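Input: a single structure, listed below in structure tokens.
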Amino acid sequence: MYLTLGVMAHVDAGKTTLCEQMLCHAGVIRRCGRVDHGDAFMDASRLERARGITIFCEQAGFSLGTEEGEPLEVTLMDTPGHVDFSGEAERALSVLDAALLVVSCAEGVQSHTVTLFRMLRARRIPALIFLNKTDREGADVDRTMAQMHRLLSGDCVLMTGAETDALREELAARDEALLERHFEGDASREEYLAGARRAFAAGNLYPVLAGSALLDEGVDALLRAIAALCRTDWASHEGDAFAAQVYRVRRLGSVRYSYVRATAGHLSSRDMVQTVCGVQKVSALCSAQGGKISPLSELHAGQTGLLAGIDARPGERIGANCGTTGQTLVPLMSVEIEGAPPLERQTLVAHLRELEEEDPLLSVHPTPRGASVGIMGAVQIEVLGSLLEERFGDEVRFMPPQVLYRETVAAPVIGIGHYEPLRHYAEVWLRIEPGKPGSGVTFEAACAPNSLDVNWQRLIGTHVLEREHPGVLTGSPLTDVRVTLIAGRSHLKHTEGGDFREATYRAIRNALMQADNVLLEPVVHFEASLPQEAASRVTGELLRLGASLDAPLYEGDEVTIAGTCTAASFWDYPSRFAASTRGHGRIASGFLRYEPCKDQQSIVAEMGYAPLADEQNPPGSVFCTHGAGVYVAWDKVREWAHCAVET
């Protein structure tokens with residue numbers, strides 16, 4: 001059996017230390033490295049060892065014995081815990097069979113812990129929980145369990161030190177088949193174990209174990225729980241056509257590796273595989289053990305491997321189920337990067353594009369003097385600068401961060417796009433209306449098949465969803481809208497696929513020029529735990545930022561303050577928070593939602609975007625008259641349109 005197990009945690013919960021102990025117990029390494037000593041096996045990057053945090057998702061494999069006799073082949077993935085690198089952690093989620101969520105018993109459940117748990121539950125990934133640092137002063141298992149029941153799930157069940165009868169009650173309550181046997185009073189140990197496996201796989205049971213990774217307490221019990229509860233059925237997909245999910249890209253020298261988890265079939269080196277870019281040949285097949293790469297003869301369903309020779313990016317599916325899977329996380333800020341002479345702009349952009357292959361959330365956009373990239377936080381800026389210097393020798397400077405806005409519409413509007421230069425023809429009518437918050441851009445066709453062929457309608461839908469469409473207020477991406485195709489026209493001889501792309505883009509832009517547009521800004525949710533004597537000072541600071549605060553929660557000598565704030569105001573507050581609490585507080589934040597901007601008019605004026613000057617996104621259309629194409633301005637297109645549509 002193959003199992004891909006991701007280890008996740010809020011930063012400083014002891015996640016990497018626990019991974020080291022698990023690998024040591026499994027015989028992969030002889031001695032445990034330490035993050036603070038810079039010699040952790042799973043922190044292979046020089047940047048990780050220098051900073052003492054996990055930045056990249058590294059993996060290692062080991063084998064566990066099971067009661068059935070069939071070994072459980074585990075791929076352990078150590079994911080970043082810092083919120084600035086949560087995009088890397090989210091990409092790993094796409095290939096996990098189960099997760100191990102590490103919670104510090106001293107600090108308790110923190111806001112990023114809640115975020116990670118919700119991500120796991122949304123993807124229906126079974127999870128075990130390890131309460132770490134029970135040796136630390138202030139560690140309290142009962143208090144942390146109460147927090148988990150309140151903030152995570154009532155199905156978190158403590159296994160460490162639990163009385164047998166009480167534990168059996170908990171297990172029976174979460175599995176209907178076991179419950180009946182439990183009441184009959186003669187359920188066997190094997191039946192309780194089978195019931196626990198079913199409840200665990202269904203997300204009705206989150207087993208909790210406690211210990212100290214640093215002191216090697218509770219690690220054996222954790223490994224036994226993994227071996228007992230985690231079951232997969234990848235063998236049943238072995239006979240299917242090969243398919244895999246790409247979750248990471250890494251360059252070693254001149255070789256580019258795509259990290260994949262096979263979901264069906266098997267693959268050998270030199271095999272041909274379907275990718276988003278076409279059919280490509282696998283030039284090498286390898287496995288990863290920490291930072292070390294070694295050849296692999298075959299990749300089977302359920303295994304992870306590294307493929308060289310193919311052009312695939314994180315989030316893509318290759319093989320039989322070829323396609324793309326998007327990320328739910330989005331960067332909230334962007335920063336412009338300029339190269340110091342003699343570094344040329346084109347060279348800098350090329351280097352950033354290479355890094356974007358590894359982290360698609362960078363979303364590189366060239367600017368007149370350099371390029372802008374999306375970022376999750378201030379630490380990521382520092383790491384990005386170090387990566388550019390280490391890998392390419394680039395010396396760069398960063399401009400002050402800017403908010404990444406979005407745009408939407410307040411009311412329905414109809415846009416028309418027409419593209420008819422000589423020997424081309426396409427016309428598209430789209431209705432754009434407000435969608436649900438967080439829905440992004442959705443598409444539906446409400447156009448009769450006898451007026452436009454269904455294949456053309458599907459192609460229009462593809463063009464609506466294939467890219468981000470800039471708004472007309474600030475050029476920020478359009479979001480939270482429903483786009484409906486209401487009419488269209490093709491020509492039997494002259495229409496080509498690219499014609500509908502042009503017409504679709506112009507129809508969207510045409511609609512936005514007429515719309516009541518709304519500028520959206522990102523809002524974050526934060527949670528701060530601090531000594532009570534600093535509460536009034538921190539509360540005052542947050543209110544001056546314009547934050548909305550929940551009722552404070554008092555627990556012992558600490559108070560927890562949670563609330564929401566715009567990302568622009570909250571961006572650099574964590575550094576001030578450290579000073580306000582004299583280093584005795586903890587604060588974490590994460591993206592919550594986009595909301596209408598409170599100061600839209602001044603921000604639009606400040607950004608100075610001119611939609612009619614954006615030559616890459618014209619709102620007008622091209623019509624044919626007297627044998628030549630002529631550009632018609634956006635406000636005159638309806639007068640020239642060929643479709644007759646009642647609106």
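Please read all numbers here as calculations on a predicted model, not as lab measurements. For the numbers below, each heavy atom of this structure counts, side chains included, while hydrogens, waters and symmetry mates do not.
- For the side-chain hydrogen bond (donor to acceptor under 3.5 Å, both in side chains) test, no residue two or more places apart in sequence or in another chain qualifies with R313.
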Task: CA sep, side-chain torsions, deciding dist, call: Y505, E466, side-chain hydrogen bond (donor to acceptor under 3.5 Å, both in side chains) - done: CA-CA 11 Å; Y505 290 178; E466 70 187 359; 2.5 Å; yes

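- E316 and T275 are not linked by any side-chain donor-acceptor pair at a separation below 3.5 angstrom, with hydrogens and angles left out of the test.
- Residues H300 and A262 share a closest heavy-atom pair of O-CB, 3.4 Å.
- In this structure, the side chains of E420 and H424 stay at 4.5 Å or more apart for every pair of heavy atoms.
- Taking CZ from R406 and SG from C597, the interatomic distance works out to 13.5 Å, rounded to the nearest 0.5 Å.
- In this structure, the side chains of N517 and T408 stay at 4.5 Å or more apart for every pair of heavy atoms.
- With a 6.0 Å cutoff to the six-membered ring centre and a 45° limit on the axis angle, R248 does not count as a cation-pi contact of Y257.
- Under a cut-off of 6.0 angstrom, the local environment of CD in E390 is crowded, with over 12 non-hydrogen atoms contributed by other residues, nucleotides or ligands.
- Taking the six-membered ring where the residue is Trp, Y259 and Y247 present perpendicular rings, their angle passing 60° and hence far from 30°.
- Between the CD atom of E298 and the CG atom of L267 there is a distance of 8.5 Å, given to the nearest 0.5 Å.
- Note: W571 CH2 to C565 SG = 13.5 Å, rounded to the nearest 0.5 Å.
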TODO: Begin with the C-alpha distance, continue with both residues' side-chain angles, and end with the deciding distance and a verdict on salt bridge (Lys or Arg N to Asp or Glu O under 4.0 Å) for R506 and E502.
DONE: CA-CA 6 Å; R506 292 169 188 268; E502 284 284 345; 3.1 Å; yes

Please tabulate, for the side chains in residues 433-442, all donor-acceptor contacts under 3.5 angstrom to protein atoms that are two or more places apart in sequence or on a different chain.
unit_1: E433; atom_1: OE1; unit_2: R482; atom_2: NH2; d: 3.4
unit_1: S439; atom_1: OG; unit_2: K436; atom_2: N; d: 3.4
unit_1: S439; atom_1: OG; unit_2: K436; atom_2: O; d: 2.6

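- One finds the CG atom of L285 at 9.0 Å from the CG atom of D271 (value rounded to the nearest 0.5 Å).
- In this structure, E606 places its CD atom where only 12 or fewer heavy-atom neighbours from other residues, nucleotides or ligands lie under 6.0 Å away.
- For N617 (side chain) and D614 (main-chain N/O), no donor-acceptor pair under 3.5 Å exists by modelled atom type.
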Below 3.5 Å, can you tabulate the donor-acceptor pairs from side chains in residues 361-388 to any protein atom, sequence neighbours excluded?
unit_1: S363; atom_1: OG; unit_2: L361; atom_2: O; d: 3.4
unit_1: T367; atom_1: OG1; unit_2: E336; atom_2: OE2; d: 2.9
unit_1: T367; atom_1: OG1; unit_2: G370; atom_2: N; d: 3.1
unit_1: T367; atom_1: OG1; unit_2: G370; atom_2: O; d: 3.3
unit_1: T367; atom_1: OG1; unit_2: A371; atom_2: N; d: 3.3
unit_1: R369; atom_1: NE; unit_2: E338; atom_2: OE2; d: 3.1
unit_1: R369; atom_1: NH2; unit_2: E338; atom_2: OE2; d: 3.3
unit_1: Q380; atom_1: OE1; unit_2: M376; atom_2: N; d: 2.6
unit_1: E382; atom_1: OE1; unit_2: R51; atom_2: NH1; d: 3.1
unit_1: S386; atom_1: OG; unit_2: E382; atom_2: O; d: 3.1

- [ ] Under the salt bridge (Lys or Arg N to Asp or Glu O under 4.0 Å) rule, what do R261 and D97 come out as? Steps first, then yes or no, please.
- [x] CA-CA 11 Å; R261 200 273 296 269; D97 296 310; 3.2 Å; yes

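- Classification of R251 and E357 as a salt-bridged pair holds, one side-chain N sitting under 4.0 Å from a carboxylate O.
- In this structure, R467 places its CZ atom where more than 12 heavy-atom neighbours from other residues, nucleotides or ligands lie under 6.0 Å away.
- For the atom pair CG (N455) and CZ (R458), the distance works out to 6.0 Å, reported to the nearest 0.5 Å.
- Under the 4.5 Å side-chain criterion, counting only non-hydrogen atoms from C-beta, H469 is not in contact with P477.
- Considering every non-hydrogen atom in both E358 and P314, the closest pair reads O-CG, 3.8 Å.
- Contact annotation: the side chain of V273 never approaches that of V279 to less than 4.5 Å [non-hydrogen atoms, C-beta and beyond].
- Looking at every heavy atom in both residues, W234 comes nearest to G302 through CG-CA, 3.4 Å.
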Task: Stepwise side-chain hydrogen bond (donor to acceptor under 3.5 Å, both in side chains) check, E88 with T79 - done: CA-CA 7 Å; E88 182 89 353; T79 67; over 6 Å; no

- [ ] Let me see the working for R391 and L355 under side chain to side chain contact (heavy atoms under 4.5 Å, CB included), right down to the final yes or no.
- [x] CA-CA 10 Å; R391 188 178 299 186; L355 295 179; 3.6 Å; yes

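- Atom CG in L520 sits 11.0 Å away from atom OH in Y405 (nearest 0.5 Å).
- By the salt bridge (charged side-chain N to carboxylate O under 4.0 Å, His left out) test, E389 is found to be paired with no residue, residues two or more places apart in sequence or in another chain being considered.
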- [ ] Test N510 against Q514 for side-chain hydrogen bond (donor to acceptor under 3.5 Å, both in side chains), laying out the working first.
- [x] CA-CA 7 Å; N510 182 261; Q514 308 170 58; 2.8 Å; yes

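- Contact check for V524 versus L592: no side-chain heavy atoms found under the 4.5 Å cut-off.
- Nearest heavy-atom pair, A301 versus T263, reported as atom, atom and distance to 0.1 Å: CB-C, 4.2 Å.
- Atom CZ of R423 has 12 or fewer neighbouring heavy atoms from other residues, nucleotides or ligands inside a 6.0 Å radius.
- Across W456, Y419, Y425, a single residue satisfies ring pair (Phe, Tyr, Trp, His ring centres under 6.0 Å) together with F500, and that is W456.
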- [ ] Report the C-alpha separation of R256 and V249 in whole Å, then their side-chain angles, then the decisive distance to 0.1 Å, and conclude whether the side chain to side chain contact (heavy atoms under 4.5 Å, CB included) test is met.
- [x] CA-CA 7 Å; R256 179 185 185 275; V249 166; 3.8 Å; yes

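- When all heavy atoms are compared, the tightest approach of P80 to A89 is O-CB, 3.9 Å.
- For the salt bridge (charged side-chain N to carboxylate O under 4.0 Å, His left out) test, no residue two or more places apart in sequence or in another chain qualifies with D635.
- Taking the side chain as every heavy atom from C-beta outward, Q402 and M333 never approach each other to under 4.5 Å.
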Task: Evaluation steps, side chain to side chain contact (heavy atoms under 4.5 Å, CB included), between I125 and L120 - done: CA-CA 5 Å; I125 299 174; L120 292 168; 4.0 Å; yes

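- The side-chain heavy atoms of P611 and R509, taken from C-beta on, include a pair separated by under 4.5 Å.
- Side-chain contact between L404 and P331 is present, with at least one heavy-atom pair separated by less than 4.5 Å.
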Task: Candidate pair I337 and R397, rule side chain to side chain contact (heavy atoms under 4.5 Å, CB included), full reasoning - done: CA-CA 6 Å; I337 307 175; R397 53 179 174 268; over 6 Å; no

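- Contacts of E595 classified as salt bridge (charged side-chain N to carboxylate O under 4.0 Å, His left out), with partners at least two apart in sequence or in another chain: R593.
- The heavy-atom pair separating S269 from S283 by the smallest distance is OG-O, 3.5 Å.
- The only member of H418, H491, H642 that meets side chain to side chain donor-acceptor pair (under 3.5 Å) when paired with E427 is H418.
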